Amino acid sequence: MKLKESVKDLIINAFLYTNALIRSFSGKKEKNNSNITSKMELIFEDNFQSFNKDVWRIGQPWGKFHPGSPYQYYGDESVFIQNDCLMLNQIYSPKQLTTWEDPKVYDIPYSVGLVTSYESYGYGFYEFEVELPYGSGLWPAVWLSCVDSWPPEIDILEAYSNNKCDYGSNLQSNFHFNMGDKKESSGARNHLFSSSYDKLKLGCWWSKDFIKIYYNGHLVRQITSDYIIKWFRDKKMLVILNNAIRPEYTKGIESQISEFKIHSVKIWK
């Protein structure tokens, strides 16, 4: 049986998580990643003074909802600009929808905001400034997905709030890889910070030899195992930003409206 992460990566990630715990309660001032990007070229920047329909698609490339999870759809009404932020909300707004390949009508109760970049990108440094949505049973995410297959996928952030609107340590990173019937995951890792509702600066440094994840300028996880990295080499990825609902929380939140705020997206090559 092959290890999904090398022993070296597991030790390093355990060390990084321990340091993140210490920093989350120490009040240590946020760092930046300028030392990484100083020798790179900024190839994309959006500060969301307006919504550029030539840059962002509302929904996934393959459709407005997932037939395997027909409790939420990617609604146009859940994507808008407010105070120089891209707002991705979650709202109870029942709608009947079909897929392009299936005439079955789905009654879907919730609209959620999801945008996908039309352009795909390769190696470089990806930076996102976000504020997590306040609410119960939420699942906001910032991720990169391969343009022509699934997997590979880089989950820079998947956050999970509970019924008390608390994310706790459930700010996670993950990596999906392999193909066909052998799809694998490196395993989700939690990254704890003192206040999940403060503005978060997320970073992903992706090269042919490693993938590193940063929260507020601090390295919290890295993958160097060739068993995983080989699936990401020379790929092109779409940028995906979304609000979402955890499937076990779809009842009892009909009056809830949550807003995932995206302040900026930057990509260096």
Side-chain angles (χ1 to χ4, degrees), residues 5 9 12-13 16-17 20 23-24 30-33 36-37 40 42-46 48 56 60 86 88 113-117 119-133 138-147 150-161 167 169-177 185-193 196-208 210-225 228-229 231-232 235-244 260-269:
E5 291 188 59
D9 286 343
I12 290 172
N13 287 324
L16 294 173
Y17 177 66
R23 286 193 302 269
S24 69
E30 177 181 326
K31 298 179 180 179
N32 60 56
N33 296 300
I36 298 173
T37 59
M40 296 183 179
L42 182 65
I43 61 171
F44 176 80
E45 180 175 7
D46 197 338
F48 299 109
W56 301 103
Q60 299 272 18
L86 173 64
L88 305 174
L114 183 148
V115 297
T116 305
S117 65
E119 183 67 39
S120 58
Y121 303 91
Y123 300 141
F125 192 89
Y126 298 70
E127 183 180 87
F128 309 85
E129 287 197 31
V130 308
E131 289 182 65
L132 295 180
L138 298 176
W139 181 10
V142 174
W143 45 300
L144 309 177
S145 186
C146 190
V147 68
W150 189 90
E153 174 182 315
I154 301 172
D155 294 328
I156 300 168
L157 170 73
E158 287 189 286
Y160 300 88
S161 70
Y167 289 96
S169 64
N170 292 318
L171 278 64
Q172 300 180 348
S173 61
N174 203 349
F175 304 87
H176 300 273
F177 57 96
S185 163
S186 63
R189 298 285 184 272
N190 291 345
H191 310 300
L192 177 66
F193 283 86
S196 300
Y197 288 115
D198 290 341
K199 186 186 291 186
L200 287 169
K201 183 177 286 186
L202 309 170
C204 174
W205 189 3
W206 170 29
S207 77
K208 68 182 182 65
F210 60 78
I211 304 173
K212 297 182 179 182
I213 304 296
Y214 297 81
Y215 284 13
N216 285 347
H218 300 290
L219 178 62
V220 296
R221 189 173 189 186
Q222 68 177 15
I223 296 293
T224 59
S225 167
I228 298 175
I229 290 295
W231 298 100
F232 294 87
K235 297 294 185 182
K236 291 289 187 178
M237 296 279 209
L238 300 171
V239 176
I240 305 177
L241 312 164
N242 70 276
N243 203 346
F260 188 19
K261 299 179 182 180
I262 314 297
H263 291 269
S264 66
V265 176
K266 297 178 183 179
I267 303 172
W268 289 264
K269 182 178 179 181

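Please read all numbers here as calculations on a predicted model, not as lab measurements.
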For this session: Could you check if a side-chain atom of Val239 sits within less than 4.5 angstrom of a side-chain atom of Leu144, using non-hydrogen atoms only?
Result: yes

For this session: Please assess Glu127 against Trp268 for the test side chain to side chain contact (heavy atoms under 4.5 Å, CB included), listing each intermediate value before the final yes or no.
Result: CA-CA 9 Å; Glu127 183 180 87; Trp268 289 264; 3.7 Å; yes

Exercise. Are any non-hydrogen side-chain atoms of Pro140 and Tyr167 less than 4.5 angstrom apart?
Worked result: yes

Exercise. With distance as the sole test, does Arg189 use its side chain to make a donor-acceptor pair with the main-chain N or O of Arg221 at under 3.5 Å?
Worked result: no

For this session: Enter the distance from Asn33:CG to Cys204:SG here, rounded to the nearest 0.5 Å.
Result: 11.0 Å

For this session: Kindly determine whether Leu200 and Tyr215 satisfy side chain to side chain contact (heavy atoms under 4.5 Å, CB included), including the steps that lead there.
Result: CA-CA 7 Å; Leu200 287 169; Tyr215 284 13; 5.5 Å; no

Seminar exercise, completed: One should read off an interatomic distance between Lys201 NZ and Asn216 CG, to the nearest 0.5 angstrom, of 8.5 Å

Exercise. Does Asp155 reach the main-chain N or O of Phe175 with its side chain, forming a donor-acceptor pair under 3.5 Å?
Worked result: no

Exercise. Looking only at heavy atoms, which two atoms of Ile229 and Lys208 are closest? And how far apart?
Worked result: CG2-O, 3.1 Å

For this session: Without swapping roles, check the side chain of Ser161 against the backbone of Leu138 for a donor-acceptor pair under 3.5 Å.
Result: yes

For this session: Enter the distance from Asn242:CG to Trp143:CH2 here, rounded to the nearest 0.5 Å.
Result: 6.5 Å

Exercise. Is there a side-chain contact between Val130 and Leu241 (heavy atoms, below 4.5 Å)?
Worked result: no

Exercise. Mind checking what makes ring-ring contact (aromatic ring centres under 6.0 Å, His included) contact with Trp139, not counting sequence neighbours?
Worked result: Tyr160

Problem set entry | Minimum-distance pair of heavy atoms, taken over all atoms of Leu219 and Lys212 | CD1-CB, 3.6 Å

Seminar exercise, completed: Note: Lys236 and Ser120 closest approach over all heavy atoms is CB-OG, 3.6 Å

For this session: Taking the six-membered ring of Phe232 (Phe, Tyr or Trp), confirm whether the NZ or CZ of Lys235 is under 6.0 Å from its centre and within 45° of its axis.
Result: no

For this session: Measure the acute angle between the ring planes of Trp206 and Tyr123, then classify it against the limits of 30° and 60° as parallel, tilted or perpendicular.
Result: perpendicular

Exercise. Looking only at heavy atoms, what is the nearest atom pair of Ala141 and Glu158, with distance?
Worked result: CB-CG, 4.1 Å

Exercise. Can you list the steps and then say if Ile213 with Ile156 is a side chain to side chain contact (heavy atoms under 4.5 Å, CB included)?
Worked result: CA-CA 7 Å; Ile213 304 296; Ile156 300 168; 4.3 Å; yes

Exercise. When rounded to the nearest 0.5 angstrom, what distance separates CD in Glu131 from NZ in Lys199?
Worked result: 6.5 Å

For this session: Apply side chain to side chain contact (heavy atoms under 4.5 Å, CB included) to the pair Ile262 and Val115, showing each step before the final yes or no.
Result: CA-CA 11 Å; Ile262 314 297; Val115 297; over 6 Å; no

Exercise. At their closest point, which heavy atom of Glu119 faces which heavy atom of Leu238, and how far apart are they?
Worked result: O-CD2, 3.7 Å

Problem set entry | Heavy-atom closest pair, residues Ser145 and Trp150 | OG-CD1, 3.6 Å

Problem set entry | Nearest-0.5 Å distance, CG of residue Asn174 to CD1 of residue Ile154 | 11.0 Å

Exercise. Should the pair Tyr214 and Phe125 be assigned to parallel (<30°), tilted (30 to 60°) or perpendicular (>60°) ring geometry?
Worked result: tilted

Exercise. Between atom OG of Ser186 and atom CD1 of Ile211, what is the distance when rounded to the nearest 0.5 Å?
Worked result: 8.5 Å

Exercise. Hey, are Trp56 and Asp46 close enough side-chain-wise for a donor-acceptor pair under 3.5 Å?
Worked result: yes

